[in-house]
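Here is how names work: the chains are called A, B, and so on, in the same order as the sequence lines, proteins then strands, and each is numbered from 1. Quick note: numbers below take in every heavy atom, side chains included, and nothing from hydrogens, waters or symmetry partners.
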There are 2 protein chains.
Amino acid sequence: MSPRAGLDTQTLVIAAAELADEQGMEEVTLAALAAKLGVRSPSLYNHINGLQGLRTLLAVHGLEQLYATMSLAADGLNGDEAVQAMGQAYVDFARKRPGLYETTLRAPEQEHTALERAGERILKLIIDVLGSYNLGEEAELHAVRGLRSILHGFASLEHKGGFGMPLDANISLSRLIQTYIAGIEKMKGADYTE
Amino acid sequence: MSPRAGLDTQTLVIAAAELADEQGMEEVTLAALAAKLGVRSPSLYNHINGLQGLRTLLAVHGLEQLYATMSLAADGLNGDEAVQAMGQAYVDFARKRPGLYETTLRAPEQEHTALERAGERILKLIIDVLGSYNLGEEAELHAVRGLRSILHGFASLEHKGGFGMPLDANISLSRLIQTYIAGIEKMKGADYTE
DNA sequence: CCCCATAAACTAATGTTATTAGTTATAATA
DNA sequence: TATTATAACTAATAACATTAGTTTATGGGG
């Protein structure tokens, strides 16, 4: 089916994700990827749409993996337990696959349908997990933004070494999520007028 | 004092920050900066230590500006009002100076003393603002991580267009901060044993 | 007032990168 | 087996960072 077979898009994406995790996102260049695959850079264009295209594919791949991780963690749980499990899974994913996680947020193309769908699945999962708190539609959407901010902010700062102090990060995260949940319960029904 | 005077380090940093805000961090190249200043790229090396050095200086500059903004906002306030004002100021800074804010987190050198000091000032400010809740040392440090995660996560996701829904972002932020504070009050003294 | 040393800005050159155009060769198919 | 589709190739270009070495303006010392 293909002359000198060996490469296809999936292989490229997976190899690029490894590069990202091992060397950091800066180092995932077409030159480095080609070298890793034993091929010349221009050959990659048979499978991907240049560096931008590769980044978009990486983002989709990363979001799919992240979704799978979060979904598995929350499966069968609800309420606080589900939120905690999902949150820990999110941050653990960012820890284990730092490069791939980073690509998730660095998607250049907005109108890429596969990218949008991967993002929406995660959004729906978070909405679902927050469903048991019966917040009402608008408050729930604000809470989704809140939880996403918390998880991404924590993962991002931890990765960038922003947490200097010698303090267990897992405890920080667990407390952060628990505190936010407690706040949600306490503020339920408030109109937030200042 | 200097032949063909005109450029110095501060000028470069300020021009680079403008570039970052206008074009995005990707576009702050030595070539673009030199063009903006009417000079050839190698000339920049008389004032900065290459691209990495420029990025470090940008991070310091950004952290200083961010500190000034947060400090001004929280001045004279305490408790919930101070946290809200400081949080809004943080996110507003990231909105108005997206490129400069981004450099803040992208510092390559860790042992740069000016960079460390700029970061510590912000840390101390947050600790100070959280002081009125009397959490005790350890809980307070966890809370600092929490608040930083919230603010950075929100700013980062908003900038990257992660908030798709047509929902007022300022309300989301205000609620997020308020919810976190409410959670802190509610959890005060809890031992977080699960 | 002039000289001269300092250092800013320059030109030239190298190596790395992404990307395009056009060629070669392989593997599936007819 | 011959043909065709296409993966991988070479060659070439343009943008970038960086280094080495050169020119030149400027301000302080004579």
Side-chain angles (χ1 to χ4, degrees), chain A residues 1-61 99-100 102-103 106-109 112 115, chain B residues 1-61 99 102-103 106-109 112:
Chain A
M1 191 186 288
S2 56
R4 203 162 300 185
L7 295 191
D8 60 2
T9 306
Q10 270 309 301
T11 306
L12 260 63
V13 171
I14 289 172
E18 287 177 15
L19 260 182
D21 288 333
E22 292 163 4
Q23 317 264 357
M25 196 51 193
E26 304 277 318
E27 309 300 326
V28 30
T29 65
L30 294 188
L33 179 58
K36 182 183 172 100
L37 295 170
V39 130
R40 305 292 187 145
S41 315
S43 306
L44 303 177
Y45 285 79
N46 288 312
H47 308 286
I48 57 170
N49 201 355
L51 186 59
Q52 295 300 315
L54 176 64
R55 286 185 178 146
T56 302
L57 293 179
L58 275 170
V60 174
H61 179 63
L100 185 56
E102 200 179 340
T103 67
R106 259 184 143 196
E109 309 175 39
H112 198 277
L115 188 65
Chain B
M1 192 187 287
S2 55
R4 205 162 299 187
L7 295 191
D8 61 1
T9 306
Q10 270 309 300
T11 307
L12 260 63
V13 170
I14 289 173
E18 287 177 17
L19 259 181
D21 288 334
E22 292 163 6
Q23 317 264 358
M25 198 50 194
E26 304 278 317
E27 308 301 325
V28 29
T29 65
L30 294 189
L33 179 58
K36 182 182 173 99
L37 295 170
V39 130
R40 305 292 188 146
S41 314
S43 306
L44 303 177
Y45 285 79
N46 288 312
H47 308 286
I48 56 170
N49 201 355
L51 186 59
Q52 295 299 314
L54 177 64
R55 287 188 178 143
T56 302
L57 293 179
L58 275 170
V60 174
H61 179 64
E102 199 179 340
T103 68
R106 261 184 143 197
E109 309 176 39
H112 198 277

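- Atom CD in A/Q23 sits about 16 Å away from atom C1' in C/dT17, given to the nearest Å.
- Contact annotation: A/H47 side-chain N/O to D/dA8 OP1/OP2 distance is under 4.0 Å.
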Test B/L33 against B/L54 for side chain to side chain contact (heavy atoms under 4.5 Å, CB included), laying out the working first. CA-CA 11 Å; B/L33 179 58; B/L54 177 64; 3.8 Å; yes
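- Distance CG (B/L54) to P (D/dA17): 10 Å, rounded to an integer number of Å.
- Relative to the side chain of B/R40, the nucleotides D/dA11, C/dT11, D/dA8 differ in distance, and C/dT11 lies closest.
- Computed from coordinates, the B/L51 CG to C/dT16 P distance equals 17 Å when rounded to whole Å.
- Taking both residues in full, the closest heavy atoms of B/D8 and B/H47 are given as CA-ND1, 3.8 Å, listed atom of the first, atom of the second, then distance.
- Between D/dC9 and A/S43, a contact under 4.0 Å exists linking OP1 or OP2 to a side-chain N or O.
- Summarising the geometry, the separation between CG on A/L7 and P on C/dT26 is reported as 16 Å, rounded to the nearest angstrom.
- Atom OG1 of residue A/T29 and atom CD of residue A/E27 lie 7.5 Å apart, to the nearest 0.5 angstrom.
- One can place CG of B/D8 at 10 Å from P of C/dA8, the figure rounded to the nearest angstrom.
- In the interface, the side chain of A/N46 is paired with the base of D/dA8 through a donor and an acceptor atom under 3.5 Å apart.
- For A/Y45 and C/dT19, the shortest distance from a side-chain N or O to OP1 or OP2 is below 4.0 Å.
- A straight line from CZ of A/R55 to P of C/dT17 spans 13 Å, rounded to a whole angstrom.
- Paired with A/L12 under the rule side-chain contact (heavy atoms from CB on, under 4.5 Å), one option of A/V39, A/L44, A/L30, A/L58 passes, and it is A/L44.
- Rounded to whole angstrom, the span from the CG atom of A/L12 across to the P atom of C/dA18 amounts to 13 Å.
- Atom CG in B/L44 sits roughly 13 Å away from atom C1' in D/dC16 (whole-Å rounding).
- Distances shorter than 4.0 Å separate none of the side-chain N or O atoms of B/S41 from OP1 or OP2 on D/dA17.
- Among the nucleotides C/dC10, D/dA17, C/dA21, the one closest to the side chain of B/V39 is C/dC10.
- Comparing D/dA20, D/dA17, D/dA8 by their closest approach to the side chain of B/L30 singles out D/dA17.
- Other residues, nucleotides and ligands contribute at most 12 non-hydrogen atoms within 6.0 Å of the CZ atom of A/R40.
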